[in-house]
Amino acid sequence: MMFADSHCHLNYKGLGEQQPEILARARARGVSAMLNIATRESEWDAVIGTAEREPDVWATVGIHPHEADQHPDVGTARLIERAAHPRVVGIGESGLDYYYDHSDRDRQRASFRAHIAAARETGLPIVVHMRDAEEDAAAILREEMGKGAYPGVIHCFTASGAFADIALELGFYISISGIVTFKNAKDLQETAARLPLERLLIETDAPFLAPVPHRGKTGEPAFVADTAEFLAKLRGEELSVLAETTAANFHALFAKTRA
């Protein structure tokens, strides 16, 4: 049985110091694909470097909304330039985070639009981070889709069912993290149970959000198998079907992984 972890941070503290061991444990659990996500320009080289060394790891380039204030010069052109690397298969993560507000909201919105433009021009999916910003995020995604289609995924989905419907309507995939296993995640569980399987991805967001039964531990890609097992039971599906389909969805969305 093979799983795809559609979103992890292999170079972050907690994973980067023991990357070979982390990758070995993931492969032992059946994880056959991992997407190593960038959040600031200073990590792009390291994130891409891991993908260059490891045949089952790919990379993105992008600026997290928390970092938008610190990267005023990273626009569409620079993203497109770095996205030409053969191991870079996505743009992001980018989006809006009004929960922490670590960056000015206007700056977050401008950065988000620049990332979408890069996704549109390159054809690579945008990896969207969205927290407590549903109205603005939906408006931007719709407005930008009106300028020309682009692919994408809402990562670590925790938003409302209504936002899920908007994302699906726009052609996006939705990625479910270990949060779905938490006891207090009833609303998310209700949404995850009804998402169309052909638009579903799974992720760890490692080193964060370790699922049950690993709560409190450093998250790692191996744990995507635990999230998948919970999700399959929640949806009344065979684990093998969910694993196979979400892995196929990963390679369909991040089509450059098939090159």
Side-chain angles (χ1 to χ4, degrees), residues 2-40 42-67 85 87-95 124-131 152-158 173-181 200-212 214-231 243 246-247 249-251 253-254 256-257:
M2 295 297 181
F3 304 95
D5 183 355
S6 70
H7 194 112
C8 57
H9 302 277
L10 294 171
N11 297 80
Y12 270 24
K13 184 178 180 181
L15 300 186
E17 310 93 316
Q18 50 173 336
Q19 205 176 83
E21 295 87 348
I22 293 291
L23 293 172
R25 288 198 290 270
R27 291 160 184 156
R29 291 289 304 273
V31 182
S32 61
M34 290 163 270
L35 186 55
N36 196 21
I37 303 290
T39 58
R40 56 182 72 86
S42 61
E43 33 181 69
W44 289 2
D45 287 343
V47 167
I48 293 171
T50 297
E52 288 175 330
R53 291 191 303 272
E54 307 294 342
D56 50 1
V57 176
W58 289 269
T60 68
V61 290
I63 305 299
H64 193 287
H66 289 345
E67 306 291 333
H85 190 285
R87 301 299 292 176
V88 173
V89 301
I91 304 293
E93 64 185 284
S94 177
L124 300 180
I126 182 168
V127 178
V128 177
H129 171 107
M130 194 284 295
R131 189 167 186 192
V153 56
I154 309 298
H155 112 85
C156 191
F157 188 88
T158 56
Y173 287 72
I174 293 177
S175 185
I176 301 297
S177 73
I179 291 175
V180 77
T181 69
L200 187 63
L201 298 179
I202 50 177
E203 66 171 89
T204 60
D205 202 12
F208 311 113
L209 307 176
V212 175
H214 307 285
R215 290 283 320 257
K217 297 180 181 177
T218 299
E220 55 184 88
F223 297 167
V224 77
D226 299 287
T227 298
E229 184 175 355
F230 180 93
L231 200 51
T246 53
N249 292 346
F250 172 81
H251 292 292
L253 176 61
F254 296 99
K256 204 170 165 183
T257 64

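Counting from 1, the numbers follow the sequence of the chain as shown.
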Identify, with sequence neighbours excluded, every residue that meets salt bridge (charged side-chain N to carboxylate O under 4.0 Å, His left out) alongside [X].
X	answer
Glu229	Lys233
Arg27	Glu54, Asp56
Arg29	Asp226

Can you classify the ring geometry of Phe208 versus Tyr12 as parallel (below 30°), tilted (30 to 60°) or perpendicular (above 60°)? perpendicular
Classify the angle between the aromatic ring planes of His7 and His9 as parallel (below 30°), tilted (30 to 60°) or perpendicular (above 60°). perpendicular
Does any N or O in the side chain of Glu17 come within less than 3.5 Å of the main-chain N or O of Gly14, such that one atom is a donor and the other an acceptor?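 Such a contact is found between Glu17 side chain and Gly14 backbone.
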Please confirm whether the backbone N or O of Gly92 pairs with a side-chain atom of Thr60, one donor and one acceptor, at under 3.5 Å?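 Yes, because the side chain of Thr60 sits within donor-acceptor range (under 3.5 Å) of the backbone of Gly92.
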side-chain hydrogen bond (donor to acceptor under 3.5 Å, both in side chains) contacts in which one or both residues fall within residues 215-225, not counting sequence neighbours: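 Only Arg25-Glu220 qualify under side-chain hydrogen bond (donor to acceptor under 3.5 Å, both in side chains).
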Any Thr246 side-chain heavy atom under 4.5 Å of Leu231 side chain: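 No, side chains not in contact.
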Validation row: Leu209, Glu203 side chains within 4.5 angstrom (heavy atoms): no
So Thr39 and His66, side chain to side chain contact (heavy atoms under 4.5 Å, CB included) or not? Walk me through it. CA-CA 9 Å; Thr39 58; His66 289 345; over 6 Å; no
When you check the side-chain N and O atoms of Thr257 and His251, is any donor under 3.5 Å from an acceptor?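 Short answer, yes.
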Kindly list each side-chain donor-acceptor pair under 3.5 angstrom involving residues 44-53, sequence neighbours excluded, with atom names and distances?
residue	atom	partner	partner atom	Å
Trp44	NE1	Arg40	O	3.3
Trp44	NE1	Gly62	O	3.1
Asp45	OD1	Arg82	NH2	2.8
Thr50	OG1	Asn11	OD1	3.4
Thr50	OG1	Asn11	ND2	3.2
Thr50	OG1	Gln19	OE1	3.4
Thr50	OG1	Gln19	NE2	3.3
Thr50	OG1	Ala46	O	3.3
Thr50	OG1	Arg53	NH2	3.2
Glu52	OE2	His85	NE2	2.7
Arg53	NH1	Gly49	O	3.4
Arg53	NH2	Gln19	OE1	3.2

With sequence neighbours excluded, tell me which residues meet side-chain contact (heavy atoms from CB on, under 4.5 Å) with Ala228.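 Only Phe3, Ile202, Leu239, Leu242 meet the side-chain contact (heavy atoms from CB on, under 4.5 Å) criterion with Ala228.
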